[in-house]
Each structure stands twice: as C-alpha cells, then as structure tokens.
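Source: prediction; values computed, not measured.
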Amino acid sequence: MHAPLLAARHPQVCVEPDAIFVRDGKFWSSAGVTTGIDLALALLEQDAGREVAIRVARILVVYLKRAGGQSQYSALLAAQAEDSSETFGELERWIAEHLQGDLRIDTLAERVHMSPRNFARVYADKRGRTPAKAVEAIRIDAARRHLEETDDRIEAIAEACGFSNEEQMRSAFVRNLSIPPREYRRRFATTGATR
C-alpha cells in the first residue's frame, strides 16, 4: 500500500512493491506482518538449514514457507480492495469455486441478475478490468497455489483450474506473471515438485 510513497521519499532505494520479502546484502525487508514470518523462516534456513526452518514452520503452524521473490498478488484480494461491491465479491468467490464450469459473460451476468452487456460494462467500471480478465486472474491464482503446494502434473493443474490445456495456462502465466508455470514451480514450490 505504501510502496509508491516509500519510493518517492527514498529515490535511491529500489522498491519492489510486489515481493513478499526482499534481501539486499545485510538488509532484509518484508511486505507486512505475516510476510515477516516468511522472512524469519528464510533467515533461519540461511543460518541453520532447511530442516530447522521447516520444523519451526510446523511449530508456528505455518502451512508452508513462501520464497521471498514470490508475488504477494492475489486476484481476489486485489478485486476486494478495488471495490466494496458485495455482489461482485460473491461472484468472484463463486468463480473461484467453479473454475471448470461455464464462466462466460452470459453465465456470470445471469448469476448477478444483469444483462450481459450491462454486467460487462459495470464490472469493468467497478473492477478496472473485464470479466474475462478477472476469470483468468482467478484461475492463475488457483494454479499458482497448486504449483506451490502440490506435486500434481502441470496438465492436471491446468484442467483443474479451468484452462483448456497446458499451453493456454502457460500463455496466461507468461502474459500475467512473466514466467511460465514450470519455472514458477521451480522457484516457488515447497513440495520439491518439478513435473
């Protein structure tokens, strides 16, 4: 939230507004309170090794340790922050629960009792992006979680998240995150998966 202000006040500092935590030499910085846990676990791993960091994570009841360069971006959280419309918030939660379903504009408009044309216009006005882009972002969020937390095959993840195939998911990742799914998994998986 305050990254632009930090960058403006300290122009010599390279501000990375989307990272969970950043290490620059002897300086470490986290994005917020819970990301401070990720930073602390990274410090532990550096000093005492991965096994100790994992044991501490379990004691803290932290599900999985996230890598520092990992994006803190979440399509659902970003949408909620943009607008307090409960109608669209409920719709986006429904989308996240029905990723393999029919998520075309007609279907989404019907769920919120609007005409497709009016829905597309109002949604874009309130959320700052088209419904199709929102669906894609929510699918990418789900795929990112699968890549980070499971060793499921990429093809299976693409299908589970509503992409027509692995190539469509790869294109969406590159377009939105500038990284293909396999590389994303290599960098951020906590399961050791590489498939």
Within a strict 4.5 Å, meaning less than it, do heavy atoms of the [X] and [Y] side chains meet?
X      : Y      : answer
Asn176 : Lys133 : no
Asp24  : Val13  : no
Trp28  : Leu43  : yes
Arg182 : Glu166 : yes
Phe119 : Leu91  : yes
Val174 : Glu183 : no
Ile157 : Thr150 : yes
Phe88  : Arg93  : no

Between [X] and [Y], what is the shortest heavy-atom contact and its length?
X      : Y      : result
Ile179 : Phe173 : O-CB, 3.2 Å
Val135 : Leu108 : CG2-CD1, 3.9 Å
Met169 : Ile154 : CE-CG2, 3.7 Å
Ala109 : Pro116 : CB-CA, 3.6 Å
Arg170 : Pro180 : CG-CB, 4.0 Å
Ile105 : Ala120 : CD1-CB, 3.9 Å

Check your understanding: Are Val122 and Ile95 linked, directly or through other ILVMFWY residues, by side chains that come within less than 4.5 angstrom of each other?
Key ->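 Yes, same cluster.
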Treating [X] as the side-chain partner and [Y] as the backbone partner, does any N or O pair qualify as donor plus acceptor under 3.5 Å?
X      : Y      : value
Glu45  : Leu41  : no
Gln100 : Glu159 : yes
His98  : Trp94  : yes
Thr107 : Leu103 : no

Return the [atom1] to [atom2] distance between [X] and [Y], rounded to the nearest 0.5 Å.
X      : Y      : atom1 : atom2 : result
Ile140 : Leu147 : CD1   : CG    : 11.0 Å
Leu177 : Arg144 : CG    : CZ    : 6.0 Å
Cys161 : Asp152 : SG    : CG    : 9.5 Å

Review point. Is atom CZ of Arg117 surrounded by more than 12 heavy atoms (other residues, nucleotides or ligands) closer than 6.0 Å?
Key: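 No.
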Review point. Where do Glu136 and Arg139 land on the salt bridge (charged side-chain N to carboxylate O under 4.0 Å, His left out) test, with the steps shown first?
Key: CA-CA 5 Å; Glu136 181 178 72; Arg139 283 181 166 145; over 6 Å; no
Check your understanding: How far apart are the C-alpha atoms of Asp106 and Arg104, what are their side-chain angles, what is the distance that settles it, and do they pass the salt bridge (charged side-chain N to carboxylate O under 4.0 Å, His left out) test?
Key -> CA-CA 6 Å; Asp106 290 353; Arg104 291 175 297 177; over 6 Å; no
**Study point:** Salt bridge flag under 4.0 Å for residues Glu92 and Arg127
**Key:** yes
Exercise for review: Tell me, please, which residues at least two apart from Glu97 pass salt bridge (Lys or Arg N to Asp or Glu O under 4.0 Å).
Suggested key: none
